[in-house]
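Values reported hereafter were calculated over all heavy atoms of this structure, with side chains retained and with hydrogens, waters and symmetry mates removed. A, B, ... follow the sequence lines: proteins, then strands. Residue 1 opens every chain.
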Protein chains: 2
Amino acid sequence: MNGAPTNEAGGRAPVTPLPRRQMLADDVHEAIKALIMDHAIEPGARVSIDGLARQLGVSPTPVREALARLESAELVVKEPLRGYRTTPLLNREQLEDLYQFRLLLEPWAAARAAERLSDEGRERLRAEMGSCDAPRDTTYDAYKALTAHDTRFHVLVAELAGSAQVRQAFERTHCHLHVFRLSYNRGIGLQTLDEHRSITDAILAGDPQAAEAAMRGHLETALYERLLPVSDSS
Amino acid sequence: MNGAPTNEAGGRAPVTPLPRRQMLADDVHEAIKALIMDHAIEPGARVSIDGLARQLGVSPTPVREALARLESAELVVKEPLRGYRTTPLLNREQLEDLYQFRLLLEPWAAARAAERLSDEGRERLRAEMGSCDAPRDTTYDAYKALTAHDTRFHVLVAELAGSAQVRQAFERTHCHLHVFRLSYNRGIGLQTLDEHRSITDAILAGDPQAAEAAMRGHLETALYERLLPVSDSS
DNA sequence: ACCGGAAGTATCCTATAGGATTCGACGGTG
DNA sequence: CACCGTCGAATCCTATAGGATACTTCCGGT
C-alpha cells in the first residue's frame with residue numbers, strides 16, 4: 001500500500017514521502033501567521049478564538065491548536081481566561097538585543113560554513129544566490145520576496161555550519177517576522193543583496209575569517225543603518 | 001484601573017498578578033513533560049492522544065493543545081495522521097552540538113553578567129547559591145533537585161546578562177531535560193556545585209574575563225568528563 | 001510456505017454542545 | 001456627582017459525538 005512496491009517503471013526517486021498534506025490545523029497556523037505579518041491583526045490586539053474560527057470557516061478546535069503553537073513561538077501570548085493577544089512590536093532595546101543575539105550565532109556559523117564547505121553546500125549556496133532576482137520596484141510583494149530570500153539565506157548559512165541547534169535557535173527568533181512587522185512598508189534596499197554576495201564569496205573561497213567579518217558587518221549594517229532609523233521615527 | 005486604586009489599608013504589595021491558576025491544558029502540559037522526563041514514556045515511543053486523556057482523566061482536547069505546545073518545544077514530533085512520538089535521545093553528535101551552542105551563548109552571558117552586576121542581581125545570585133544544599137545521597141529526588149538548581153542557575157546568569165533573547169534561546173534548548181533523560185540514574189556529582197561557585201565568585205567580583213573562562217570551563221568539563229563517558233557506554 | 005487482499009479495530013481529526021468565567025453596561029444609593 | 005451592586009452578553013474551556021484514516025490480523029490463493 002505504500003509507494004508502489006512493484007513499480008518497474010520508475011524506481012528512481014527513492015523517497016517521495018507522500019506529502020500527507022492534511023492537517024487543517026497546520027493551514028490555520030500559516031493563515032494566522034500571515035494575518036499577523038500583514039498587520040491584518042494589529043500588534044497588541046486581542047484575537048478571539050471563535051472569531052478567527054468564524055473568519056476562517058473552521059471550528060475552534062484547530063484554531064486553538066494553532067494558537068498554542070504560536071504561543072510557543074512567542075507570537076501571541078495567552079491570558080488564561082481572557083483569550084489570546086498578539087505580542088507587541090519590538091522596541092529599540094529589544095531590537096538591539098535581538099541583533100546582539102544574532103551576532104553571537106551567525107558570524108560563527110558563517111566561519112564554520114566556510115571551513116566545512118562541501119560540493120553540495122557550494123551548489124546550494126549558488127542556487128540560492130542565483131534564485132534571488134533583484135527587485136526593481138518597491139511593491140509589497142517585492143519586499144515580501146526579498147524577505148523570503150533573506151530568511152532562506154541565513155537559514156542556509158546556519159545549515160552549512162552543521163549545527164542544528166544554531167539553525168533552530170535562529171529560526172525560533174522569528175527575526176524576519178519582527179523586522180517585517182516593524183518596517184513592512186519600507187524598502188530594505190538592494191544593499192542587502194550585495195552584502196549577501198560578499199558573505200557568499202567568502203564562504204565559497206573557504207575563508208572563515210572573511211566570512212565571519214562579512215556576516216558581522218552585514219548584521220551591524222542592517223541594525224544601525226537600516227532598522228534603527230526606522231525604529232526611531234516611530 | 002489596575003490594582004486597587006483607593007486601597008488605603010495595604011498599598012504595599014503593588015502587583016500581585018493574581019495567579020489565575022486555571023487552565024487544565026497547562027497542568028496537562030506539565031504532566032506530560034514530567035512523564036517524558038521520568039521515562040514513563042520511553043524515548044521514541046508513540047504517545048496516543050486519547051490514551052493520555054484516559055490516563056490523566058481528561059478529555060482529548062487539552063491533551064491535544066498540550067502536545068501542540070510540546071511539539072513546538074521539540075519534545076515530541078507529530079506524524080500527521082499517525083499520532084505523536086517522543087523525540088529520541090540525543091546521540092553523541094547532537095550532544096556535542098548542543099554544548100557547542102551553549103558555548104556560544106553562556107560564556108558571553110557570564111561576562112556580561114559580571115559587567116552589569118547590580119545590587120539586586122548580587123542578591124539573587126547569593127540567594128540561589130545559598131539555597132542549593134549539597135545532596136549527600138544519590139537518590140532520584142536528590143538528583144532531581146540538583147538538576148533544578150542547575151537550571152535555575154544558568155537561567156539566572158542569562159537574566160543577569162540582560163538579554164532576553166539569550167535567556168529564551170537557552171530555555172528553548174531544554175538542555176537539562178535532554179541531559180536528564182540521558183543520565184537520569186547517574187549522579188552528576190558535587191563538582192557541579194564547585195564550578196557554579198567559581199562562576200559566581202567571578203561574577204560577584206565583577207571580572208568579565210574570569211567569569212567567561214569559568215563558564216567555558218564548566219561547560220567543557222560537563223560535556224567531556226561527565227556526559228560523553230555516559231553517552232559512550234550506551 | 002509465501003504472498004495478496006479484506007475485514008476489524010484503534011486512532012486521529014473536526015464539529016458541536018454545555019458549563020464556567022469575565023467584561024461591559026445599567027440603575028440605585030450616599 | 002460619584003460609587004457600587006446586579007444583570008446580560010460575549011468569550012473561553014472542557015466534554016462528547018461522528019466521520020475518516022491508518023494499522024493489524026486473518027484468510028484464501030498460488
Side-chain angles (χ1 to χ4, degrees), chain A residues 1-8 15-32 35 41-42 44-72 76-86, chain B residues 1-9 11 15-32 35 41-42 44-72 76-86:
Chain A
M1 54 191 77
N2 301 351
T6 62
N7 188 355
E8 75 268 68
V15 276
T16 1
L18 37 141
R20 294 209 169 192
R21 285 285 176 182
Q22 250 152 346
M23 292 295 313
L24 184 57
D26 209 345
D27 299 339
V28 172
H29 178 85
E30 293 299 325
I32 298 177
L35 285 177
I41 303 175
E42 296 183 357
R46 293 189 54 179
V47 47
S48 165
I49 288 181
D50 50 358
L52 270 179
R54 283 191 296 268
Q55 183 176 345
L56 297 175
V58 296
S59 78
T61 304
V63 176
R64 175 177 299 277
E65 186 171 340
L67 284 176
R69 252 187 287 180
L70 288 171
E71 187 203 11
S72 286
V76 296
V77 290
K78 180 180 190 178
E79 306 176 11
L81 282 172
R82 300 174 61 182
Y84 284 91
R85 182 182 293 273
T86 59
Chain B
M1 58 187 74
N2 302 349
T6 63
N7 188 355
E8 75 269 64
V15 274
T16 1
L18 40 139
R20 291 206 171 196
R21 285 286 175 184
Q22 251 152 345
M23 292 295 312
L24 183 57
D26 207 346
D27 298 338
V28 172
H29 177 87
E30 293 300 323
I32 298 176
L35 284 178
I41 303 175
E42 294 184 359
R46 291 189 55 179
V47 48
S48 163
I49 287 181
D50 50 358
L52 270 179
R54 282 192 296 268
Q55 184 174 346
L56 297 174
V58 296
S59 78
T61 305
V63 175
R64 176 176 299 274
E65 185 171 341
L67 285 176
R69 252 186 289 180
L70 288 172
E71 187 203 11
S72 285
V76 296
V77 291
K78 179 180 190 178
E79 306 176 10
L81 281 174
R82 303 174 60 182
Y84 284 92
R85 182 183 292 274
T86 58

Engineer: Within this structure, what is the CD-to-P distance between B/Glu65 and D/dC13, rounded to whole angstrom?
Structural biologist: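 Nearest whole value for this atom pair: 7 Å.
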Engineer: How many whole angstroms separate atom NZ of B/Lys78 from atom C1' of C/dC12?
Structural biologist: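 Atom-to-atom, B/Lys78 to C/dC12, this comes out as 9 Å.
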Engineer: With respect to the side chain of B/Arg64, which nucleotide from C/dC12, C/dT16, D/dT11 is positioned closest?
Structural biologist: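 Ranking C/dC12, C/dT16, D/dT11 by closest atom to the B/Arg64 side chain puts C/dC12 first.
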Engineer: Hey, does B/Leu67 have a side-chain heavy atom less than 4.5 Å from the side chain of B/Glu71?
Structural biologist: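 Of all side-chain heavy-atom pairs linking B/Leu67 with B/Glu71, none is under 4.5 Å.
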Engineer: Can you tell which of C/dT22, D/dT11, D/dT14 lies closest to the side chain of A/Asp50?
Structural biologist: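 Of C/dT22, D/dT11, D/dT14, D/dT11 is nearest to the side chain of A/Asp50.
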Engineer: Would one find a side-chain N or O of A/Arg85 under 4.0 angstrom from OP1 or OP2 of D/dC12?
Structural biologist: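 Checking A/Arg85 against D/dC12: no side-chain N or O falls below 4.0 Å of OP1 or OP2.
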Engineer: Less than 4.0 angstrom between a side-chain N/O of B/Thr61 and OP1 or OP2 of D/dC13, yes or no?
Structural biologist: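 No, no such contact exists.
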Engineer: For C/dA10, take OP1 and OP2 only and decide whether either is under 4.0 Å from a side-chain N or O of B/Ser48.
Structural biologist: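 The answer is no; no side-chain N or O of B/Ser48 sits under 4.0 Å from OP1 or OP2.
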Engineer: Please state how far atom CG in B/Asp27 lies from atom C1' in D/dC13, giving the value in whole angstrom units.
Structural biologist: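 Taking atom C1' of D/dC13 as the reference, CG of B/Asp27 is at 13 Å.
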Engineer: Would A/Leu35 and A/Leu52 satisfy side-chain contact (heavy atoms from CB on, under 4.5 Å), going step by step from the backbone distance to the final call?
Structural biologist: CA-CA 10 Å; A/Leu35 285 177; A/Leu52 270 179; 4.0 Å; yes
Engineer: In whole angstroms, how far is the C1' atom of C/dT14 from the CD1 atom of B/Ile49?
Structural biologist: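 Rounded to the whole Å, the gap is 12 Å.
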Engineer: Check whether any side-chain N or O of A/Arg82 sits under 4.0 Å from OP1 or OP2 of C/dT21, and answer yes or no.
Structural biologist: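 Looking at the OP1 and OP2 atoms of C/dT21, neither is under 4.0 Å from any side-chain N or O of A/Arg82.
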Engineer: Side chains of B/Asp27 and B/Met23, heavy atoms from C-beta outward: is any pair under 4.5 Å?
Structural biologist: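 SC-SC contact between B/Asp27 and B/Met23 ruled out.
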Engineer: For B/Leu81 and D/dA20, what is the distance between atoms CG and C1' respectively, to the nearest whole Å?
Structural biologist: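 It is 9 Å, rounded to the nearest whole Å.
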Engineer: Kindly indicate, with the supporting measurements, whether the criterion side-chain contact (heavy atoms from CB on, under 4.5 Å) is fulfilled by A/Leu70 and A/His29.
Structural biologist: CA-CA 8 Å; A/Leu70 288 171; A/His29 178 85; 3.5 Å; yes
Engineer: Would you tell me if any nitrogen or oxygen in the side chain of B/Ser59 comes within less than 4.0 Å of OP1 or OP2 on D/dT14?
Structural biologist: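 No.
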Engineer: How many Å lie between CD on A/Glu79 and P on D/dT11, as a whole number?
Structural biologist: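 After rounding, the gap between these two atoms is 15 Å.
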Engineer: In this structure, how many angstroms lie between the P atom of D/dT11 and the CD atom of A/Gln55, rounded?
Structural biologist: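 Taking atom P of D/dT11 as the reference, CD of A/Gln55 is at 13 Å.
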Engineer: Could you check B/Arg69 against B/Val28 for side-chain contact (heavy atoms from CB on, under 4.5 Å), going step by step and ending with a plain yes or no?
Structural biologist: CA-CA 11 Å; B/Arg69 252 186 289 180; B/Val28 172; over 6 Å; no
Engineer: Measure from the side chain of B/Arg54, starting at C-beta and using heavy atoms only, and say which of C/dT11, D/dC13, C/dT16 lies closest.
Structural biologist: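 Minimum distance to the B/Arg54 side chain belongs to C/dT11.
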Engineer: Atom CE of B/Met23 to atom P of C/dA20: distance rounded to whole Å?
Structural biologist: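 Distance check: B/Met23 CE to C/dA20 P gives 17 Å.
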